[in-house]
Amino acid sequence: MKSEDVPFEGGPMDGRVLPVLVGMTGHPPKTYRIPVPGTGGRPATVLVYRRVLREDGPRLGFARWKYVHAPEGVPRLRARLPWSKPGATPGGKPDDADG
């Protein structure tokens, strides 16, 4: 398998560079989870990092990535169905023909 050295920003991994396996497209995963075992009676936690583009300057041919700490975790994705729209409450009165 192929790997790429990816820097980490924020959180406990700030400033470290780790080799991360890349997929078939040559990109590392969108999220990187690091399990941390609990010690001294503390519960086990999981550190979550999100992939973002690096601002190193132009690199011809491929994108460069870095991971940024996401303390809130990864937001859950809802299904994007064509008939469900955000704020589907119609405006106007119920019997108003003009809306």
Side-chain angles (χ1 to χ4, degrees):
M1 298 225 81
K2 191 173 178 181
S3 66
E4 178 181 338
D5 290 337
V6 181
F8 286 76
E9 286 186 5
M13 299 292 290
D14 190 25
R16 296 187 188 184
V17 178
L18 295 177
V20 177
L21 294 176
V22 296
M24 292 176 55
T25 60
H27 298 290
K30 290 182 181 180
T31 58
Y32 194 81
R33 291 177 171 84
I34 303 171
V36 178
T39 58
R42 294 187 310 186
T45 60
V46 176
L47 301 174
V48 179
Y49 286 84
R50 288 183 296 118
R51 181 185 75 184
V52 295
L53 277 174
R54 266 200 264 180
E55 301 292 330
D56 288 355
R59 295 284 302 216
L60 299 176
F62 60 96
R64 304 286 297 193
W65 302 101
K66 67 180 177 180
Y67 282 108
V68 177
H69 183 61
E72 71 279 354
V74 179
R76 293 207 157 199
L77 297 177
R78 296 187 313 168
R80 294 185 183 174
L81 303 174
W83 55 85
S84 60
K85 297 180 183 176
T89 307
K93 298 176 185 171
D95 294 330
D96 190 8
D98 294 328

Worksheet item: How close do G26 and E4 get, heavy atom to heavy atom, and via which atoms?
Response: O-OE1, 4.0 Å

Item to complete: Determine whether S3 and V20 make a side-chain contact, defined as any pair of heavy atoms from C-beta on separated by less than 4.5 Å.
Response: no

Item to complete: Would you give the length of the straight line joining atom CG of D14 to atom CZ of F8, rounded to the nearest 0.5 angstrom?
Response: 11.5 Å

Response to the item:
Residue pairs passing the side-chain hydrogen bond (donor to acceptor under 3.5 Å, both in side chains) test with at least one member in residues 28-38, sequence neighbours excluded, are T31-R33

Give the table of side-chain donor-acceptor pairs shorter than 3.5 Å for residues 35-53, with sequence neighbours excluded, one pair per line with atom names and distance.
from: Y49; atom 1: OH; to: G10; atom 2: O; distance (Å): 3.1
from: Y49; atom 1: OH; to: M13; atom 2: N; distance (Å): 3.2
from: R51; atom 1: NH1; to: P28; atom 2: O; distance (Å): 2.6

Worksheet entry | Listed partners of H27 passing side-chain hydrogen bond (donor to acceptor under 3.5 Å, both in side chains), at least two apart | W65

Worksheet item: Roughly how far, to the nearest 0.5 Å, is CZ of R16 from CD of E9?
Response: 14.5 Å

